[in-house]
Each structure stands twice: as C-alpha cells, then as structure tokens.
Number of protein chains: 2
Amino acid sequence: MEQTAWKVGELARRTGLTVRTLHHWEERGLIVPSRRTAAGHRLYDDRDVRRVYEVVALRELGLSLEAIAEVLAPDRDRLEGILSAHLTQVEARLVALRDLRTTLAALVAGLRNSTTPGPSDLMGLIDEVSKMTETFNNYFTDEQLAALEARRQELGEDTIRAAEREWPELIAAVQAEIDAGTDPSSPRARALAARWGELLESFHGGDPGLREGLYRMRDENADEVLSRGGPTDEQIDYVRRAGVTGV
Amino acid sequence: MEQTAWKVGELARRTGLTVRTLHHWEERGLIVPSRRTAAGHRLYDDRDVRRVYEVVALRELGLSLEAIAEVLAPDRDRLEGILSAHLTQVEARLVALRDLRTTLAALVAGLRNSTTPGPSDLMGLIDEVSKMTETFNNYFTDEQLAALEARRQELGEDTIRAAEREWPELIAAVQAEIDAGTDPSSPRARALAARWGELLESFHGGDPGLREGLYRMRDENADEVLSRGGPTDEQIDYVRRAGVTGV
DNA sequence: CTAGGAACTCACGTCGCGTGAGGTGCAAGC
DNA sequence: GCTTGCACCTCACGCGACGTGAGTTCCTAG
C-alpha cells in the first residue's frame with residue numbers, strides 16, 4: 001500500500017537532479033529525508049518530493065540556497081520580501097550587464113574595423129570607448145536608448161555591421177567628389193546624399209528625438225567624431241546641399 | 001632620479017586595489033613586480049603600473065583573470081577573439097537575466113495583490129506565473145517586447161503598479177453597473193468605459209501591434225485570463241457598447 | 001632600543017555543487 | 001556460500017577571485 005518511498009537514485013532520476021545535489025541540499029538543511037533504512041540509505045516520502053520541487057522552482061528564480069531555506073521555513077510570509085529584494089538585485093545586475101554589453105559591443109566593433117591598425121595601447125582604446133559610450137548615453141534618454149535597442153534587434157547585427165563598414169567608404173566617396181569639384185546638384189552627388197540619408201535613417205528610424213540627439217552629439221563633440229573617422233563639417237555641408245531632405 | 005618604484009601598499013592606494021588583490025594577481029602570473037628588495041619586498045616600476053591599469057580595465061569588462069592573462073600575453077592578437085567570445089556570453093546572460101526579471105516581477109506583483117490569499121502552494125504559483133509569462137511572450141515579437149520594456153521604463157514602476165491595482169476595482173465597478181441594469185450609454189457607464197480605455201492605452205501606448213496582440217491573447221486564453229481576475233466577455237461587451245473608441 | 005606600521009608567507013572560507021576515493025548493502029547467478 | 005555489479009554511503013578536494021586572519025620580519029622615527 002505504500003509506494004511512497006524513494007531512494008536518492010530514483011528521486012534524482014525523476015527530478016533531473018544529481019545524487020550529489022540532493023546530498024548537498026541535505027547538508028544545507030533544505031531537504032532532509034524523513035526516514036532512513038537500517039543501513040543508512042535515504043528514504044524520501046511524497047512530502048519530501050514536493051519540497052524538492054519547491055526548491056527546484058525557487059532555484060530557477062536564482063535564489064541562493066540560504067534564501068531558499070529561509071523561504072521554506074515554516075513562516076512563509078518571508079516569501080514576498082525575499083523575492084522582491086531578489087528582484088531589485090536582479091534589476092541592478094541587469095542594468096550593469098546592459099551597460100557592459102554596450103561597452104563590449106562598441107569595443108569589439110572598434111577593434112574589428114579599427115582605423116588604428118594594432119591596439120598596442122589597449123588601455124587607451126578601452127578608455128576611449130568607455131568615454132565614448134558614456135558621452136553617447138548623455139545625449140539620449142533611457143527611453144530613447146531602449147528604443148534604439150529595439151531597433152537594433154529588429155535590424156539584426158549583420159545589417160548594423162554592414163552599415164558601420166559602409167560609412168567610411170561613403171565618407172571617402174563624398175570627399176572624392178568634393179576634391180573633384182563635382183557640383184552638389186549632380187546626379188552622382190545626389191546619389192551619395194541619398195545613401196547618406198538612408199544610413200542615418202537606419203540609425204534613428206525616423207524618430208525625431210533620436211535624430212536630434214544624434215545631431216547635437218555630433219555638433220558638440222565634433223573633434224571626437226572626427227578623430228574616430230566621422231565626417232568633417234565640409235562633407236556634411238556638401239551632402240546637405242546635395243540632398244533634399246534635412247541631413 | 002628614480003621615483004619610479006612603488007611598494008605594494010602605495011600601489012594599492014594609488015590604484016584603489018587591495019594588497020591582497022595584487023598578491024593574488026601575482027600568484028596568477030598577471031602582475032609580477034620586476035624587482036624585489038633584499039628583504040623580499042615587492043618593487044613595482046612604471047611598466048608594472050601600466051600593466052596593473054590594463055588588468056583593471058580588462059577586469060571591468062568582466063573578463064576572468066585567465067582570459068586577461070591570455071590577452072596580456074605577448075601576442076595581443078587574441079584580444080578581439082576573446083572580447084567577442086566574452087560578448088556573446090554576456091549577451092546570453094543578458095537574455096536569461098531579462099527573462100528572469102520578467103518572471104520575478106510578475107511573481108512579486110502576483111503576491112502583492114494576490115486574489116488568492118496566502119500562497120500555501122508556492123510551487124503552483126510559480127508554475128502558473130512562469131506559464132503565464134511564457135504565454136505572454138508567445139503573443140508578441142521580440143521587438144514588441146522591447147517596445148513594451150521602453151514604455152514601462154517611461155511610465156515608471158509606481159504607475160504600473162497603480163494600474164494593476166486599479167483593474168480589479170474597475171472590473172468590479174463595471175460588473176456593478178451591469179447588475180444594476182444601468183444603460184451602457186449612461187454617463188456613469190461612459191465614464192467607466194473611458195477609464196477602461198485609458199488603462200488599456202497605458203499598456204499598449206497606441207501601438208496597433210501591441211493592442212492587437214493583447215486582444216488575441218485574451219481571446220485565445222479567455223479561461224486563463226478569467227481565473228486571474230480578468231474581465232468576462234459580458235463585461236468587455238458592456239464596455240464596448242458604452243465606449244466610443246474600439247476597446 | 002623600542003614602538004608600530006608595513007611588508008612578508010601560509011592557509012582557510014566563500015557558493016553550489018562535480019568528481020573522485022574508498023567502503024558497504026543488496027539482489028541475482030554460479 | 002561466493003562472486004559480480006550496481007546503488008548507496010561518507011569524507012574531502014577543486015573551482016574563481018579574492019577577504020580575512022595568523023604569525024613573522026622589515027623599516028623608520030623617536
């Protein structure tokens with residue numbers, strides 16, 4: 001009449017855990033089997049099994065074993081407090097990780113198509129990129145950054161990288177027309193200006209706030225932008241005269 | 001003529017690290033001071049100091065000491081590879097953490113204004129919430145979820161929580177009017193419908209995609225929604241007849 | 001010559017287990 | 001009864017990046 005007793009191996013298989021994990025949880029006082037055989041083999045009854053599943057669920061929420069022990073203690077009222085404390089901590093980590101991702105992505109991109117050949121002074125590069133992303137963040141609200149995030153996800157990494165690779169070419173082409181004295185209203189100049197506008201559009205997606213922030217950033221950090229291979233005032237002016245829409 | 005030699009304590013103060021950390025980095029082969037005094041005290045010269053700053057910078061990127069050692073090795077070409085590998089890993093963690101945050105937030109919200117009084121079966125609650133957020137994710141594209149994210153950040157947590165608390169009241173009020181036989185075109189009914197529309201609007205922000213996804217989700221999971229305190233078909237119909245804009 | 005601050009070298013603790021090592025329990029086949 | 005083989009048992013070390021003593025020696029100022 002009682003099938004309700006499992007040994008560790010069975011329990012481990014049924015729960016997808018390892019025997020060692022169950023031992024460890026017992027050491028920490030989380031799951032202590034209610035009985036043992038004469039030989040000392042652990043016997044788990046169905047209450048124990050339920051508890052195991054609870055621990056699994058809580059562990060998937062990222063709680064520490066200590067916190068889980070606290071939650072599973074007889075006074076379950078602590079659940080909400082612990083969870084919301086954990087949530088705040090997770091959110092902090094999330095923010096930090098997001099910033100880190102941005103910095104790393106900029107660094108990798110900077111290394112990949114770096115104008116400077118070899119980063120012999122890697123500290124300088126890192127500093128530079130960090131400062132740049134910091135500056136960048138200053139020109140957009142959190143909301144706009146989230147929108148940018150969404151756009152990036154939508155476009156896909158490859159598209160973005162392709163655009164980043166295209167900019168230097170486009171800038172060089174514009175400079176070539178300037179040097180050649182081509183009239184800004186010529187078809188060639190207009191084509192370049194059109195492409196220029198498209199690339200910008202692929203960044204801000206038509207959002208006026210983003211577009212304006214981008215312009216402000218360029219205007220107020222012209223030197224920085226220039227040293228990173230950005231366009232000169234002359235180039236921008238040329239494109240503006242060649243283009244139709246505001247650039 | 002040479003001030004260019006620091007002992008650990010000085011270096012630690014100047015870099016904001018601890019002495020123990022510098023010792024540890026030495027054990028791992030990262031920063032081995034180029035000289036020692038006769039008594040065995042470490043002496044760091046300026047090349048060592050530069051290296052320390054490099055390690056600091058790389059550590060801030062979240063690299064392991066092992067990876068840093070690899071990056072700092074004579075062949076610096078590995079930098080890009082290591083960083084981009086790290087980036088992929090960071091991105092994976094970011095995705096996981098985002099999901100976790102969503103689940104946790106839903107759980108905490110569910111506990112805070114839970115219709116069910118005490119979660120005696122916390123596993124059931126967790127399962128339920130996990131399943132719900134999973135379902136939720138099925139009705140929106142990644143892009144839409146990012147947009148939702150942006151909106152939430154914009155509104156602020158308090159506003160959202162207030163809205164969540166308001167829904168049950170509003171639904172109850174609507175039901176009261178139905179029970180009382182109030183005409184849907186009456187001012188009272190219209191006022192409720194207007195508020196209803198506002199709360200919905202605060203969710204989807206006017207985005208047609210979000211609005212449509214929300215409706216689809218409700219239609220296809222009516223039972224689920226109902227059991228979580230959502231509105232009945234009758235209530236929705238009443239509000240639709242009372243309101244002017246599509247609800 | 002002494003005080004005390006700074007330096008030194010072990011070495012254990014953290015967190016959640018993985019991974020042996022070395023020994024016992026138990027059912028089946030000989 | 002004896003072996004085989006598997007499941008179980010209890011230590012105990014290892015990971016990563018240090019924190020935190022503990023016990024000892026060096027150095028400088030009074």
Inset, instruction - Inspect the contact between B:Arg42 and B:Glu10 and indicate whether a charged nitrogen and a carboxylate oxygen are less than 4.0 angstrom apart. - result: no
Legend entry - Listed nucleotide nearest any side-chain atom of A:Val8, set D:dC18, D:dC8, D:dC26: D:dC8
Legend entry - Pairwise side-chain contact, B:Val52 with B:Trp25, heavy-atom cut-off 4.5 Å (strictly under): yes
Legend entry - Spacing of A:Leu11 atom CG relative to D:dC9 atom P, expressed in whole Å: 11 Å
Inset, instruction - Take atom CZ of A:Arg47 as the centre, draw a 6.0 Å sphere, and report whether it contains more than 12 heavy atoms from other residues, nucleotides or ligands. - result: no
Legend entry - Interatomic distance, A:His23 NE2 vs D:dC8 P [rounded to whole Å]: 8 Å
Inset, instruction - Using whole Å, report how far CD of B:Glu10 lies from C1' of D:dC27. - result: 13 Å
Inset, instruction - Would you classify B:Ser64 as touching base, sugar-phosphate or nothing, given that sugar-phosphate means primed atoms plus P, OP1 and OP2, and contacts are heavy atoms under 4.0 Å? - result: sugar-phosphate
Inset, instruction - Assign B:Arg42 to base, sugar-phosphate, or nothing according to its heavy-atom contacts below 4.0 angstrom with the strands shown. - result: sugar-phosphate
Legend entry - Sugar-phosphate only, base, or nothing, as touched by B:His41 at under 4.0 Å among non-hydrogen atoms: sugar-phosphate
Inset, instruction - Under 4.0 Å between any heavy atoms, over every strand shown, what does B:Arg36 touch: base, sugar-phosphate, or nothing? Just pick one. - result: sugar-phosphate
Legend entry - Rounded interatomic separation in angstrom, taking CH2 from B:Trp25 and P from D:dG19: 10 Å
Inset, instruction - Establish, with yes or no, whether the OP1 or OP2 oxygen of D:dG19 is under 4.0 angstrom from a side-chain nitrogen or oxygen of B:Thr21. - result: yes
Inset, instruction - Report the residue (A:Arg20 or A:Ala39) whose heavy-atom-nearest nucleotide on DNA chain C is the more 5′ of the two. - result: A:Arg20
Inset, instruction - Rounded to the nearest angstrom, tell me the gap between atom CG in B:Leu63 and atom C1' in D:dG16. - result: 14 Å
Legend entry - Within-4.5 Å side-chain heavy-atom neighbours: B:Thr15 and B:Thr21: no
Inset, instruction - Could you tell me whether A:Val19 contacts a base, only the sugar-phosphate backbone, or nothing, with contacts defined as non-hydrogen atoms closer than 4.0 Å? - result: nothing
